[in-house]
Amino acid sequence: MRRRGVTFKLFVMTVVCFLCFYGMIILSQLLFFDNFYQNQKTNRVEKQLKNFALSYAGERSIGSTVSREAARFMLRNKTQLAIVTLDGKVKLDDPFQIKLKKDDGELVVLPLSLFMSQYGDELRALGIQPGDPLTIQGEGDMGDLSYSNQIYPVSIYKRGSMQVGDLTEGDLTTISGAVTEIILPDIKSTQRQGLLFEALEEWFPLSPARAEKLKRLERLEEEWTDSWSGIRNTVIIQPAQQSAGNIDLLFTVTSLQEVSDTNEALRWFYLYLGIGGFALILILSLFFSKIVTRPLISLNKTAERMVHLDFSAQLPIIQNDELGSLSNSLFTMSQNLDVALRELKEANKQLVEDMEHKQRMEIVQQDFFANASHELKTPLSIIKGFAEGLQDRVSAGKQDHYVKVIIEESGKMETLVKDMLDLAKLESGTIKLRKTTFLLSELIENILDKMVHLLKQKRLEAVIIPVNELPINADFGWMEQVVFNFVTNAIRHADEGSPITLYITGLERTNIFSIENKGEQIPEEQLGTIWERFYRSELSRNRQTGGTGLGLSIIQSILDKHGFHYRAENIEDGVRFIVMIET
């Protein structure tokens with residue numbers, strides 16, 4: 001069975017969560033939105049109606065302040081308002097009005113709701129402002145309690161502008177005057193004005209139960225459906241007792257049709273939104289799952305590498321959270337383990353090298369004792385034989401020869417022992433170099449002066465060729481031993497009558513020292529072994545031509561201690577030794 005990755009699982013879980021959340025929103029909207037929105041709207045109307053009732057109770061009559069507050073209440077709550085008495089007499093059914101002052105000072109009120117339901121746009125286009133002169137034709141109402149005159153306009157004419165409204169035949173009143181105040185409704189408020197009149201006709205006169213409740217100053221709230229249009233409304237009646245003791249009713253009609261229309265539109269909206277929303281949910285879920293799981297996948301890869309002992313971890317994840325802290329801890333642990341593993345490998349490698357070195361040293365030690373015993377055995381045997389001859393009282397003519405041989409063999413043994421001691425000192429690591437600055441050519445000249453007799457014996461000539469020589473910083477005594485051994489080795493293996501050439505070439509911060517002699521070449525397979533102790537190119541170890549076999553080993557130890565590089569190579573007719581001396 002294929003194992004699902006954490007990205008896929010998180011993607012599925014995120015999609016399910018989003019869909020559940022989205023489904024909850026749709027279901028809540030379908031089941032509860034109507035009641036929720038209706039309660040919200042009704043509660044808001046009730047609260048503001050109560051505040052308006054308190055304000056109205058402090059007024060003695062319905063004047064400009066009450067009209068403005070009523071208009072503000074209607075516009076803010078998108079509802080209809082009328083102020084009536086308990087017996088149904090209307091004191092204010094239209095707060096939207098124009099107050100007109102005639103030339104004789106008489107004040108006339110023009111209710112506008114019904115007029116604007118037909119000519120709202122045209123009336124607004126007139127741009128009527130306080131102080132503008134108007135001529136009004138309409139039906140008069142002289143029974144208003146608040147104002148001396150009230151006329152429902154049929155046509156309005158602003159001087160210098162067009163006339164709004166249609167003149168009809170009948171008994172119309174014509175007045176002229178200047179505007180003192182204007183309060184205009186919005187279009188929807190004028191369209192609902194008819195519902196207010198129909199509700200008033202249906203509710204008044206009040207039933208005894210309703211009247212009794214209102215007399216106790218209790219708010220009355222009921223749902224009412226318009227029989228003509230079928231629109232659902234909420235009727236709220238808020239009683240307000242004035243200072244004189246009479247009770248007026250604030251009668252409001254709030255349409256619930258907008259709630260139903262809005263809810264119906266939202267249903268279709270969510271249906272269409274759901275189609276695109278599902279695709280958006282998939283994209284967002286995939287994006288979210290990628291973001292969340294990317295550091296987890298990176299940490300998992302790091303952990304898998306660590307399982308295979310690969311601690312070359314990448315940089316930690318830069319996040320200021322637990323994942324970032326975990327990544328930083330894994331990175332630190334990986335670095336520490338990498339260092340520890342590297343040290344362990346190096347220690348193991350060093351251990352292997354030490355064991356191999358120990359084995360080699362055991363072999364070298366065995367060879368050393370074997371070679372040393374071989375080298376010492378011959379001169380000791382010779383010395384013993386000639387000493388016994390002297391003891392047996394050989395003839396007087398041979399005594400001098402016997403003594404001479406004993407002295408020669410003793411000298412060879414002394415040289416061998418000295419070389420062995422020098423090599424032991426160098427390999428013990430107790431020797432400290434005492435470096436000074438000097439010219440290598442001067443050191444070579446001094447050595448050649450001391451070896452002039454050896455050169456003459458084989459008719460050899462030593463030539464020094466310095467080119468751009470640089471002073472070197474080294475231990476003078478040990479470098480003298482190096483040059484002495486190189487020259488001795490060259491004299492020993494050079495063809496009789498041939499030159500020995502010593503080159504000193506300076507390059508930047510390095511002197512290249514080389515010594516060449518003409519003679520028998522070293523077999524290529526033995527070029528790496530000539531530095532070993534007791535090595536001789538002659539397999540027979542002829543003591544007449546070979547030295548102690550420790551000269552090149554001493555050279556190797558001295559040069560290694562100085563950190564100089566060296567090598568041996570065959571040339572066309574001889575052998576060349578090269579040393580790279582850092583200045």
Side-chain angles (χ1 to χ4, degrees), residues 37-99 109-114 116 144-147 150 181-200 202-204 206 210-211 213-224 233-259:
Y37 188 80
Q38 180 177 331
N39 291 334
Q40 285 288 104
K41 188 172 184 179
T42 303
N43 291 337
R44 185 175 67 250
V45 172
E46 289 177 353
K47 181 179 180 181
Q48 296 190 15
L49 185 61
K50 184 178 180 181
N51 293 333
F52 179 62
L54 294 175
S55 175
Y56 174 75
E59 299 289 337
R60 294 182 178 179
S61 62
I62 300 178
S64 299
T65 302
V66 174
S67 297
R68 287 186 176 277
E69 289 295 327
R72 186 177 296 110
F73 173 81
M74 292 172 62
L75 292 174
R76 184 179 298 169
N77 296 284
K78 297 180 181 180
T79 187
Q80 299 302 308
L81 173 68
I83 300 177
V84 297
T85 62
L86 284 172
D87 57 2
K89 186 175 182 178
V90 178
K91 299 179 69 173
L92 175 67
D93 63 345
D94 192 354
F96 305 109
Q97 53 192 237
I98 294 177
K99 291 182 180 179
V109 178
L110 308 176
L112 295 177
S113 292
L114 293 178
M116 289 199 68
D144 184 80
L145 297 176
S146 303
Y147 307 104
Q150 182 168 289
E181 185 178 3
I182 180 171
I183 303 174
L184 296 179
D186 59 11
I187 300 299
K188 292 183 178 180
S189 297
T190 59
Q191 293 174 350
R192 300 192 192 103
Q193 191 70 9
L195 285 175
L196 177 64
F197 295 147
E198 186 175 348
L200 287 171
E202 186 171 331
W203 279 66
F204 288 92
L206 294 169
R210 291 173 177 172
K213 187 174 182 180
L214 291 172
K215 287 179 181 179
R216 294 197 302 267
L217 299 180
E218 297 180 9
R219 183 173 60 249
L220 186 64
E221 178 182 341
E222 295 182 16
E223 186 172 318
W224 171 70
N233 302 275
T234 297
V235 174
I236 303 176
I237 303 176
Q238 175 68 48
Q241 187 172 17
Q242 293 185 311
S243 58
N246 56 307
I247 298 176
D248 288 342
L249 305 179
L250 306 182
F251 187 92
T252 64
V253 179
T254 304
S255 174
L256 301 178
Q257 184 64 30
E258 290 183 357
V259 181

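Below, all heavy atoms of this structure are taken into account, side chains as well, without hydrogens, waters or symmetry copies. Everything numeric here is computed off the predicted structure, so don't read it as measured data.
Residue Pro239 comes nearest to Arg219 through the heavy atom pair CD-CA, 4.1 Å, listed as atom of the first residue, atom of the second, then distance. Residues Thr85 and Phe204 share a closest heavy-atom pair of O-CE2, 3.8 Å. Contact record, Ala53 with Ala240: O-CB, 4.0 Å, taken as the closest heavy-atom pair.
Remark: Gln97 CD to Ile182 CD1 distance equals 10.5 Å, nearest 0.5 Å. Within the model, atoms CG of Leu220 and CG of Leu249 stand 9.5 Å from one another, a figure rounded to the nearest 0.5 Å. Here the straight-line distance linking atom OG1 of Thr252 with atom CG of Leu196 works out to 9.0 Å at 0.5 Å rounding. In this structure, the separation between CG on Asp248 and CD on Gln241 is 10.0 Å, given to the nearest 0.5 Å. How far CZ of Arg210 is from CD1 of Ile237: 7.0 Å, rounded to the nearest 0.5 Å. Considering CG of Asp87 and CG of Leu206, their distance stands at 9.0 Å, rounded to 0.5 Å.
The side-chain heavy atoms of Leu217 and Ile247, taken from C-beta on, include a pair separated by under 4.5 Å. Side-chain atoms of Phe52 and Gln238, non-hydrogen and from C-beta on, never get closer than 4.5 Å to each other.
With sequence neighbours excluded, the residues that form a side-chain contact (heavy atoms from CB on, under 4.5 Å) with Gln48 are Arg44, Phe73, Arg76, Asn77. Annotation: salt bridge (Lys or Arg N to Asp or Glu O under 4.0 Å) contacts of Glu223 (sequence neighbours excluded): Arg232.
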Checking Phe251 against Gln80 for the side chain to side chain contact (heavy atoms under 4.5 Å, CB included) test, could you report, in this order, the C-alpha distance in whole Å, the side-chain angles of both residues, the deciding distance, and whether it holds? CA-CA 8 Å; Phe251 187 92; Gln80 299 302 308; over 6 Å; no
Starting from the C-alpha separation in whole Å, work towards a yes-or-no answer on side chain to side chain contact (heavy atoms under 4.5 Å, CB included) for Val66 and Ile83. CA-CA 10 Å; Val66 174; Ile83 300 177; 3.9 Å; yes
